[in-house]
There are 2 protein chains.
Amino acid sequence: MARAALSAGAVVDVALRLVDEEGAAALTLAAVASRAGVATPSLYKHVRNLAELRALMSVQIMDDLAERIGAAVLGRSADEAIRALMTTWREYVVEHPHRYSALVQAPEPMVARAGQRLVDIMLAALRAYGMDDTEAIHATRCLRAAMHGFAVLQAENAFQRPEKLDETYDLLIHMVVTGLRTPLRRT
Amino acid sequence: MARAALSAGAVVDVALRLVDEEGAAALTLAAVASRAGVATPSLYKHVRNLAELRALMSVQIMDDLAERIGAAVLGRSADEAIRALMTTWREYVVEHPHRYSALVQAPEPMVARAGQRLVDIMLAALRAYGMDDTEAIHATRCLRAAMHGFAVLQAENAFQRPEKLDETYDLLIHMVVTGLRTPLRRT
DNA sequence: CGGCTGCGGCTAATGCTATTAGCCTCTGAG
DNA sequence: CTCAGAGGCTAATAGCATTAGCCGCAGCCG
(Lines give C-alpha, C1' and ligand atoms only; values in the text may rest on other atoms or scores of the structure.)
Protein backbone atom coordinates (compact mmCIF):
# COMPACT_ATOMS: atom_id res chain seq x y z
CA MET A 1 0.00 0.00 0.00
CA ALA A 2 1.10 3.53 -0.65
CA ARG A 3 0.29 6.60 1.43
CA ALA A 4 -2.72 6.71 3.72
CA ALA A 5 -4.50 9.37 1.66
CA LEU A 6 -7.86 8.99 0.01
CA SER A 7 -10.08 6.02 -0.72
CA ALA A 8 -13.32 5.48 -2.58
CA GLY A 9 -15.23 5.70 0.67
CA ALA A 10 -13.52 8.93 1.66
CA VAL A 11 -14.35 10.49 -1.71
CA VAL A 12 -18.00 9.53 -1.27
CA ASP A 13 -17.97 11.06 2.21
CA VAL A 14 -16.54 14.31 0.94
CA ALA A 15 -19.07 14.37 -1.88
CA LEU A 16 -21.96 13.79 0.50
CA ARG A 17 -20.81 16.58 2.77
CA LEU A 18 -20.50 18.85 -0.24
CA VAL A 19 -24.04 18.06 -1.35
CA ASP A 20 -25.37 18.53 2.17
CA GLU A 21 -23.84 21.96 2.42
CA GLU A 22 -24.12 23.34 -1.08
CA GLY A 23 -26.91 21.43 -2.77
CA ALA A 24 -27.07 18.66 -5.31
CA ALA A 25 -26.27 21.02 -8.17
CA ALA A 26 -22.89 21.81 -6.64
CA LEU A 27 -21.72 18.25 -7.08
CA THR A 28 -18.80 18.49 -9.46
CA LEU A 29 -15.54 16.60 -9.51
CA ALA A 30 -13.62 19.86 -9.24
CA ALA A 31 -15.52 20.80 -6.08
CA VAL A 32 -15.06 17.37 -4.55
CA ALA A 33 -11.35 17.37 -5.37
CA SER A 34 -10.92 20.82 -3.91
CA ARG A 35 -12.58 19.77 -0.65
CA ALA A 36 -10.48 16.66 -0.54
CA GLY A 37 -7.37 18.80 -1.03
CA VAL A 38 -6.39 17.04 -4.21
CA ALA A 39 -6.28 17.74 -7.95
CA THR A 40 -9.35 16.78 -9.94
CA PRO A 41 -7.85 13.92 -11.97
CA SER A 42 -6.63 12.26 -8.78
CA LEU A 43 -10.21 11.31 -8.00
CA TYR A 44 -10.13 8.88 -10.89
CA LYS A 45 -7.75 6.73 -8.90
CA HIS A 46 -10.64 5.98 -6.53
CA VAL A 47 -13.76 6.35 -8.63
CA ARG A 48 -14.31 5.39 -12.24
CA ASN A 49 -16.14 8.58 -13.20
CA LEU A 50 -18.81 11.00 -12.05
CA ALA A 51 -21.62 8.54 -12.75
CA GLU A 52 -20.01 5.98 -10.49
CA LEU A 53 -19.52 8.54 -7.76
CA ARG A 54 -23.22 9.36 -7.99
CA ALA A 55 -24.09 5.70 -7.79
CA LEU A 56 -21.81 5.17 -4.80
CA MET A 57 -23.38 8.15 -3.07
CA SER A 58 -26.83 6.75 -3.72
CA VAL A 59 -25.80 3.41 -2.30
CA GLN A 60 -24.43 5.10 0.79
CA ILE A 61 -27.63 7.09 1.24
CA MET A 62 -29.84 4.05 0.79
CA ASP A 63 -27.74 2.11 3.25
CA ASP A 64 -28.00 4.88 5.83
CA LEU A 65 -31.73 4.96 5.29
CA ALA A 66 -32.03 1.19 5.49
CA GLU A 67 -30.09 1.09 8.72
CA ARG A 68 -32.21 3.73 10.37
CA ILE A 69 -35.46 2.29 9.15
CA GLY A 70 -34.50 -1.22 10.05
CA ALA A 71 -33.81 -0.10 13.60
CA ALA A 72 -37.04 1.88 13.78
CA VAL A 73 -39.19 -0.99 12.59
CA LEU A 74 -37.59 -3.55 14.86
CA GLY A 75 -40.03 -5.16 17.23
CA ARG A 76 -43.05 -3.13 16.18
CA SER A 77 -46.47 -4.37 15.15
CA ALA A 78 -47.99 -3.95 11.72
CA ASP A 79 -49.52 -0.49 11.83
CA GLU A 80 -46.93 0.78 14.26
CA ALA A 81 -44.17 -0.59 12.08
CA ILE A 82 -45.48 1.25 9.03
CA ARG A 83 -45.82 4.44 11.01
CA ALA A 84 -42.29 4.16 12.36
CA LEU A 85 -40.97 3.36 8.90
CA MET A 86 -42.60 6.35 7.29
CA THR A 87 -41.69 8.70 10.10
CA THR A 88 -38.05 7.67 10.04
CA TRP A 89 -37.88 8.00 6.29
CA ARG A 90 -39.13 11.53 6.43
CA GLU A 91 -36.81 12.45 9.26
CA TYR A 92 -33.93 11.53 7.01
CA VAL A 93 -35.23 13.72 4.21
CA VAL A 94 -35.74 16.66 6.54
CA GLU A 95 -32.24 16.19 7.87
CA HIS A 96 -30.60 15.92 4.46
CA PRO A 97 -32.89 17.37 1.80
CA HIS A 98 -30.09 17.99 -0.71
CA ARG A 99 -28.79 14.52 -0.18
CA TYR A 100 -32.18 13.11 -1.02
CA SER A 101 -32.29 15.22 -4.19
CA ALA A 102 -28.96 13.73 -5.17
CA LEU A 103 -30.37 10.22 -4.94
CA VAL A 104 -30.26 8.55 -8.29
CA GLN A 105 -32.16 5.44 -9.31
CA ALA A 106 -29.54 4.30 -11.80
CA PRO A 107 -29.84 0.94 -13.53
CA GLU A 108 -26.48 0.11 -11.92
CA PRO A 109 -26.66 -3.24 -10.14
CA MET A 110 -24.94 -1.64 -7.14
CA VAL A 111 -27.72 0.87 -6.67
CA ALA A 112 -30.40 -1.68 -7.43
CA ARG A 113 -29.04 -3.93 -4.70
CA ALA A 114 -29.07 -1.12 -2.15
CA GLY A 115 -32.62 -0.31 -3.17
CA GLN A 116 -33.57 -3.92 -2.78
CA ARG A 117 -32.39 -3.82 0.82
CA LEU A 118 -34.82 -0.99 1.49
CA VAL A 119 -37.61 -2.82 -0.26
CA ASP A 120 -36.90 -5.93 1.79
CA ILE A 121 -37.30 -3.99 5.00
CA MET A 122 -40.62 -2.66 3.77
CA LEU A 123 -41.70 -6.12 2.73
CA ALA A 124 -40.86 -7.46 6.17
CA ALA A 125 -42.88 -4.71 7.80
CA LEU A 126 -45.84 -5.67 5.63
CA ARG A 127 -45.70 -9.38 6.40
CA ALA A 128 -47.75 -8.75 9.51
CA TYR A 129 -50.78 -7.87 7.42
CA GLY A 130 -51.09 -11.46 6.28
CA MET A 131 -50.69 -10.73 2.61
CA ASP A 132 -49.45 -13.22 0.11
CA ASP A 133 -46.24 -12.41 -1.75
CA THR A 134 -47.86 -10.74 -4.71
CA GLU A 135 -50.04 -8.53 -2.57
CA ALA A 136 -47.05 -7.60 -0.47
CA ILE A 137 -45.11 -6.51 -3.56
CA HIS A 138 -47.93 -4.28 -4.67
CA ALA A 139 -48.29 -2.84 -1.20
CA THR A 140 -44.56 -2.17 -0.97
CA ARG A 141 -44.58 -0.35 -4.25
CA CYS A 142 -47.42 1.87 -3.07
CA LEU A 143 -45.67 2.56 0.19
CA ARG A 144 -42.51 3.41 -1.63
CA ALA A 145 -44.30 5.60 -4.15
CA ALA A 146 -46.05 7.56 -1.42
CA MET A 147 -42.92 8.11 0.64
CA HIS A 148 -40.67 8.81 -2.28
CA GLY A 149 -43.14 11.20 -3.88
CA PHE A 150 -43.58 13.12 -0.69
CA ALA A 151 -39.83 13.21 -0.10
CA VAL A 152 -39.03 14.40 -3.59
CA LEU A 153 -41.66 17.10 -3.53
CA GLN A 154 -40.55 18.29 -0.13
CA ALA A 155 -36.87 18.25 -1.08
CA GLU A 156 -37.72 20.29 -4.18
CA ASN A 157 -39.76 22.69 -2.11
CA ALA A 158 -42.86 21.99 -4.14
CA PHE A 159 -45.22 22.43 -1.19
CA GLN A 160 -45.58 26.17 -0.98
CA ARG A 161 -48.66 26.66 1.19
CA PRO A 162 -48.33 27.54 4.85
CA GLU A 163 -50.08 24.40 6.07
CA LYS A 164 -47.80 22.25 8.18
CA LEU A 165 -46.06 19.45 6.32
CA ASP A 166 -46.09 17.31 9.45
CA GLU A 167 -49.88 17.24 9.39
CA THR A 168 -49.90 16.36 5.72
CA TYR A 169 -47.55 13.51 6.40
CA ASP A 170 -49.76 12.28 9.23
CA LEU A 171 -52.58 12.10 6.72
CA LEU A 172 -50.39 10.23 4.26
CA ILE A 173 -49.48 7.70 6.94
CA HIS A 174 -53.14 7.38 7.77
CA MET A 175 -53.98 6.81 4.11
CA VAL A 176 -51.41 4.08 3.76
CA VAL A 177 -52.36 2.28 6.94
CA THR A 178 -56.08 2.48 6.19
CA GLY A 179 -55.53 1.38 2.63
CA LEU A 180 -53.55 -1.62 3.80
CA ARG A 181 -56.21 -2.54 6.36
CA THR A 182 -59.12 -2.26 3.96
CA PRO A 183 -58.97 -5.13 1.52
CA LEU A 184 -59.19 -4.40 -2.18
CA ARG A 185 -62.35 -5.98 -3.56
CA ARG A 186 -61.48 -8.42 -6.30
CA THR A 187 -62.83 -7.67 -9.74
CA MET B 1 -41.34 41.54 -38.11
CA ALA B 2 -38.51 39.62 -39.69
CA ARG B 3 -38.67 36.09 -41.09
CA ALA B 4 -41.21 33.55 -39.92
CA ALA B 5 -38.62 31.22 -38.41
CA LEU B 6 -38.48 30.04 -34.80
CA SER B 7 -40.26 31.15 -31.67
CA ALA B 8 -40.02 30.28 -27.99
CA GLY B 9 -42.93 27.88 -28.36
CA ALA B 10 -41.36 26.17 -31.35
CA VAL B 11 -38.10 25.69 -29.46
CA VAL B 12 -39.99 24.12 -26.56
CA ASP B 13 -41.79 21.82 -28.99
CA VAL B 14 -38.54 20.69 -30.57
CA ALA B 15 -37.02 20.14 -27.12
CA LEU B 16 -40.00 18.07 -25.99
CA ARG B 17 -39.82 15.91 -29.07
CA LEU B 18 -36.10 15.44 -28.50
CA VAL B 19 -36.69 14.36 -24.91
CA ASP B 20 -39.50 12.01 -25.94
CA GLU B 21 -37.29 10.30 -28.47
CA GLU B 22 -33.86 10.34 -26.85
CA GLY B 23 -34.43 10.70 -23.14
CA ALA B 24 -34.11 13.51 -20.66
CA ALA B 25 -30.32 13.21 -20.55
CA ALA B 26 -30.12 14.07 -24.25
CA LEU B 27 -31.52 17.53 -23.66
CA THR B 28 -28.74 19.86 -24.71
CA LEU B 29 -28.89 23.16 -26.51
CA ALA B 30 -26.69 21.80 -29.26
CA ALA B 31 -29.10 18.92 -29.86
CA VAL B 32 -32.14 21.19 -29.82
CA ALA B 33 -30.49 23.62 -32.21
CA SER B 34 -29.49 20.84 -34.55
CA ARG B 35 -33.07 19.54 -34.65
CA ALA B 36 -34.37 23.02 -35.23
CA GLY B 37 -31.91 23.42 -38.09
CA VAL B 38 -30.19 26.36 -36.50
CA ALA B 39 -26.86 27.20 -34.83
CA THR B 40 -26.74 26.79 -31.06
CA PRO B 41 -26.42 30.46 -30.10
CA SER B 42 -29.49 31.31 -32.16
CA LEU B 43 -31.64 29.65 -29.52
CA TYR B 44 -30.77 32.47 -27.15
CA LYS B 45 -32.90 34.76 -29.28
CA HIS B 46 -35.94 32.82 -28.08
CA VAL B 47 -34.97 31.44 -24.70
CA ARG B 48 -32.88 33.07 -22.00
CA ASN B 49 -30.83 29.98 -21.22
CA LEU B 50 -31.05 26.24 -20.64
CA ALA B 51 -32.70 26.68 -17.25
CA GLU B 52 -35.47 28.73 -18.79
CA LEU B 53 -35.97 26.19 -21.55
CA ARG B 54 -36.33 23.51 -18.89
CA ALA B 55 -38.84 25.66 -17.04
CA LEU B 56 -40.83 26.35 -20.21
CA MET B 57 -40.88 22.64 -20.98
CA SER B 58 -42.14 21.90 -17.49
CA VAL B 59 -44.88 24.47 -17.86
CA GLN B 60 -45.91 22.95 -21.18
CA ILE B 61 -45.98 19.48 -19.67
CA MET B 62 -48.00 20.58 -16.66
CA ASP B 63 -50.43 22.38 -18.91
CA ASP B 64 -50.89 19.30 -21.05
CA LEU B 65 -51.45 17.26 -17.95
CA ALA B 66 -53.88 19.80 -16.49
CA GLU B 67 -55.91 19.87 -19.67
CA ARG B 68 -56.21 16.11 -19.84
CA ILE B 69 -56.99 15.71 -16.20
CA GLY B 70 -59.46 18.56 -16.18
CA ALA B 71 -61.37 16.88 -18.98
CA ALA B 72 -61.22 13.49 -17.30
CA VAL B 73 -62.55 14.78 -14.01
CA LEU B 74 -65.33 16.82 -15.54
CA GLY B 75 -68.76 15.76 -14.33
CA ARG B 76 -67.59 12.88 -12.19
CA SER B 77 -68.43 12.16 -8.59
CA ALA B 78 -65.93 12.17 -5.73
CA ASP B 79 -64.43 8.68 -5.83
CA GLU B 80 -64.88 8.39 -9.56
CA ALA B 81 -63.25 11.78 -10.04
CA ILE B 82 -60.19 10.72 -8.06
CA ARG B 83 -59.96 7.47 -9.97
CA ALA B 84 -60.23 9.27 -13.30
CA LEU B 85 -57.67 11.82 -12.20
CA MET B 86 -55.12 9.25 -11.14
CA THR B 87 -55.69 7.06 -14.17
CA THR B 88 -55.27 9.94 -16.56
CA TRP B 89 -52.11 11.10 -14.82
CA ARG B 90 -50.54 7.73 -15.17
CA GLU B 91 -51.57 7.40 -18.79
CA TYR B 92 -49.58 10.53 -19.47
CA VAL B 93 -46.50 9.15 -17.76
CA VAL B 94 -46.75 5.87 -19.64
CA GLU B 95 -47.12 7.78 -22.88
CA HIS B 96 -44.18 10.12 -22.22
CA PRO B 97 -41.91 8.65 -19.56
CA HIS B 98 -38.86 10.67 -20.59
CA ARG B 99 -40.91 13.82 -20.64
CA TYR B 100 -41.99 13.17 -17.10
CA SER B 101 -38.37 12.64 -16.04
CA ALA B 102 -37.55 16.01 -17.55
CA LEU B 103 -40.16 17.68 -15.35
CA VAL B 104 -38.49 20.14 -13.04
CA GLN B 105 -40.02 21.68 -9.95
CA ALA B 106 -38.06 24.93 -10.20
CA PRO B 107 -38.76 27.81 -7.88
CA GLU B 108 -39.55 29.82 -11.02
CA PRO B 109 -42.90 31.58 -10.68
CA MET B 110 -43.82 30.37 -14.16
CA VAL B 111 -43.49 26.74 -13.16
CA ALA B 112 -45.12 27.34 -9.81
CA ARG B 113 -48.15 28.83 -11.53
CA ALA B 114 -48.48 25.86 -13.86
CA GLY B 115 -48.20 23.55 -10.88
CA GLN B 116 -50.87 25.55 -9.09
CA ARG B 117 -53.24 24.90 -11.97
CA LEU B 118 -52.79 21.17 -11.45
CA VAL B 119 -53.26 21.51 -7.72
CA ASP B 120 -56.45 23.51 -8.27
CA ILE B 121 -57.91 20.72 -10.35
CA MET B 122 -57.09 18.25 -7.61
CA LEU B 123 -58.60 20.54 -5.00
CA ALA B 124 -61.77 20.82 -7.02
CA ALA B 125 -61.98 17.05 -7.31
CA LEU B 126 -61.66 16.81 -3.54
CA ARG B 127 -64.36 19.35 -2.74
CA ALA B 128 -66.95 16.62 -3.06
CA TYR B 129 -65.66 14.95 0.08
CA GLY B 130 -66.94 17.82 2.18
CA MET B 131 -63.57 18.78 3.59
CA ASP B 132 -62.74 22.20 4.83
CA ASP B 133 -59.98 24.11 3.07
CA THR B 134 -57.17 22.98 5.29
CA GLU B 135 -58.12 19.34 5.06
CA ALA B 136 -58.41 19.65 1.31
CA ILE B 137 -54.88 21.05 1.08
CA HIS B 138 -53.48 18.17 3.06
CA ALA B 139 -55.42 15.68 0.99
CA THR B 140 -54.22 17.27 -2.24
CA ARG B 141 -50.63 17.06 -1.12
CA CYS B 142 -51.02 13.39 -0.34
CA LEU B 143 -52.67 12.74 -3.66
CA ARG B 144 -49.91 14.57 -5.43
CA ALA B 145 -47.18 12.81 -3.48
CA ALA B 146 -48.63 9.40 -4.26
CA MET B 147 -49.06 10.07 -7.97
CA HIS B 148 -45.78 11.88 -8.40
CA GLY B 149 -43.85 9.26 -6.48
CA PHE B 150 -45.30 6.46 -8.52
CA ALA B 151 -44.71 8.36 -11.74
CA VAL B 152 -41.10 9.17 -10.93
CA LEU B 153 -40.30 5.64 -9.89
CA GLN B 154 -41.93 4.21 -12.96
CA ALA B 155 -40.23 6.71 -15.28
CA GLU B 156 -36.89 5.80 -13.68
CA ASN B 157 -37.64 2.12 -14.06
CA ALA B 158 -37.32 1.56 -10.34
CA PHE B 159 -39.97 -1.16 -10.27
CA GLN B 160 -38.08 -4.21 -11.42
CA ARG B 161 -40.29 -7.10 -10.38
CA PRO B 162 -42.52 -8.83 -12.89
CA GLU B 163 -45.74 -7.96 -11.07
CA LYS B 164 -48.01 -5.80 -13.21
CA LEU B 165 -47.72 -2.08 -12.57
CA ASP B 166 -51.38 -1.62 -13.45
CA GLU B 167 -52.38 -3.73 -10.49
CA THR B 168 -50.08 -1.81 -8.20
CA TYR B 169 -51.63 1.40 -9.39
CA ASP B 170 -55.09 0.04 -8.75
CA LEU B 171 -54.02 -0.57 -5.18
CA LEU B 172 -52.63 2.94 -4.90
CA ILE B 173 -55.91 4.39 -6.14
CA HIS B 174 -57.72 2.22 -3.65
CA MET B 175 -55.46 3.42 -0.85
CA VAL B 176 -56.08 7.04 -1.68
CA VAL B 177 -59.82 6.71 -2.01
CA THR B 178 -60.13 4.68 1.17
CA GLY B 179 -57.88 7.06 3.04
CA LEU B 180 -59.99 10.00 1.96
CA ARG B 181 -63.20 8.24 2.95
CA THR B 182 -61.96 7.20 6.39
CA PRO B 183 -61.72 10.26 8.58
CA LEU B 184 -58.49 10.90 10.43
CA ARG B 185 -59.10 10.78 14.17
CA ARG B 186 -58.21 14.10 15.71
CA THR B 187 -55.47 14.15 18.28
C1' DC C 1 -39.94 54.18 -54.00
C1' DG C 2 -35.96 54.41 -50.63
C1' DG C 3 -33.94 54.29 -46.47
C1' DC C 4 -33.90 52.83 -41.70
C1' DT C 5 -34.68 49.77 -37.72
C1' DG C 6 -34.52 45.71 -35.41
C1' DC C 7 -35.39 40.73 -35.43
C1' DG C 8 -33.27 36.62 -35.96
C1' DG C 9 -29.85 34.36 -37.80
C1' DC C 10 -24.52 33.69 -37.90
C1' DT C 11 -19.25 32.97 -36.41
C1' DA C 12 -15.83 33.42 -32.96
C1' DA C 13 -14.39 33.25 -28.42
C1' DT C 14 -14.56 32.14 -23.26
C1' DG C 15 -14.71 29.38 -19.33
C1' DC C 16 -16.44 25.54 -17.13
C1' DT C 17 -17.03 20.59 -17.22
C1' DA C 18 -15.50 15.51 -17.38
C1' DT C 19 -12.11 12.62 -18.89
C1' DT C 20 -7.49 10.63 -20.65
C1' DA C 21 -2.46 10.27 -21.03
C1' DG C 22 1.67 10.12 -19.16
C1' DC C 23 4.95 11.31 -15.56
C1' DC C 24 6.99 11.13 -10.85
C1' DT C 25 7.38 10.03 -6.05
C1' DC C 26 7.08 7.81 -2.03
C1' DT C 27 5.81 3.50 0.39
C1' DG C 28 6.20 -0.85 1.76
C1' DA C 29 7.35 -5.73 0.62
C1' DG C 30 11.02 -8.93 -0.36
C1' DC D 1 18.67 -2.05 -1.01
C1' DT D 2 15.75 -2.64 -4.71
C1' DC D 3 11.83 -2.22 -7.05
C1' DA D 4 6.89 -2.34 -8.22
C1' DG D 5 2.91 -0.06 -7.91
C1' DA D 6 -0.46 3.00 -5.51
C1' DG D 7 -1.64 7.44 -5.71
C1' DG D 8 -0.60 11.77 -6.49
C1' DC D 9 0.53 15.41 -10.28
C1' DT D 10 0.43 18.47 -14.90
C1' DA D 11 -1.02 18.91 -19.50
C1' DA D 12 -4.21 18.19 -23.02
C1' DT D 13 -8.84 17.23 -25.26
C1' DA D 14 -13.62 17.52 -26.27
C1' DG D 15 -18.25 18.90 -25.20
C1' DC D 16 -21.07 21.97 -22.90
C1' DA D 17 -23.48 26.74 -21.95
C1' DT D 18 -23.02 31.28 -22.64
C1' DT D 19 -21.51 36.03 -24.49
C1' DA D 20 -20.01 39.38 -27.94
C1' DG D 21 -20.38 41.25 -32.02
C1' DC D 22 -21.58 41.09 -36.99
C1' DC D 23 -24.89 40.98 -40.94
C1' DG D 24 -28.91 40.49 -43.92
C1' DC D 25 -33.51 40.82 -44.73
C1' DA D 26 -38.51 42.25 -43.70
C1' DG D 27 -41.54 45.60 -43.09
C1' DC D 28 -42.67 50.34 -41.85
C1' DC D 29 -42.28 55.54 -42.46
C1' DG D 30 -41.45 59.19 -44.98
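Just so we're on the same page: letters track the sequence lines, and every chain starts at 1. These figures come from a predicted structure and were not determined experimentally.
- Contact check for A/R90 versus A/E95: no side-chain heavy atoms found under the 4.5 Å cut-off.
- The nucleotide whose nearest atom lies closest to any side-chain atom of A/A30 is, among D/dT10, C/dA18, D/dT18, C/dA18.
- Taking atom OH on B/Y44 and atom C1' on D/dG21, their separation rounds to 16 Å, with Å as the unit.
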With side-chain contact (heavy atoms from CB on, under 4.5 Å) as the test, would you mind laying out the steps for A/R141 and A/H138 before giving the verdict?
-> CA-CA 5 Å; A/R141 285 173 170 175; A/H138 290 307; 4.1 Å; yes
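- When the C1' atom of C/dA18 is taken as reference, atom CD of A/E52 falls 14 Å away, rounded to whole Å.
- A straight line from CG of B/L53 to C1' of D/dT18 spans 14 Å, rounded to a whole angstrom.
- Counting to the nearest Å, the P atom of D/dT19 and the CG atom of B/L50 are 12 Å from each other.
- Separating the CZ atom of B/R48 from the C1' atom of D/dA17 is a distance of 15 Å, rounded to the nearest angstrom.
- Ranking C/dT20, D/dT18, D/dG8 by closeness to the A/P41 side chain, first place goes to C/dT20.
- Taking only side-chain nitrogens and oxygens, A/H46 comes nearer than 4.0 Å to OP1 or OP2 of D/dG8.
- Hydrophobic clustering (ILVMFWY, side-chain heavy atoms < 4.5 Å, transitive): B/V104 and B/M62 are in distinct clusters.
- Looking at the side chain of A/L29, the nearest of the listed nucleotides D/dC16, C/dT19, D/dT18 is C/dT19.
- The distance between atom NZ of B/K45 and atom P of D/dC22, rounded to the nearest whole Å, is 12 Å.
- Rounded to whole Å, atom P of C/dT17 lies 13 Å from atom CG of A/L43.
- Remark: A/T40 is not in phosphate contact with C/dT17, judged by side-chain N or O atoms under 4.0 Å from OP1 or OP2.
- In summary, of the residues considered (A/R99, A/R35, A/R17), a salt bridge (Lys or Arg N to Asp or Glu O under 4.0 Å) with A/E22 occurs for A/R35 alone.
- Side-chain nitrogen and oxygen atoms of A/T28 include none within less than 4.0 Å of the OP1 or OP2 phosphate oxygen of C/dC16.
- The nearest whole Å value for the distance from the CG atom in B/L27 to the C1' atom in D/dA17 is 12 Å.
- Residue contacts shown for B/S42 include a base, since a base heavy atom lies under 4.0 Å away.
- The same ILVMFWY cluster, assembled from side-chain heavy atoms under 4.5 Å apart, contains both A/I82 and A/Y92.
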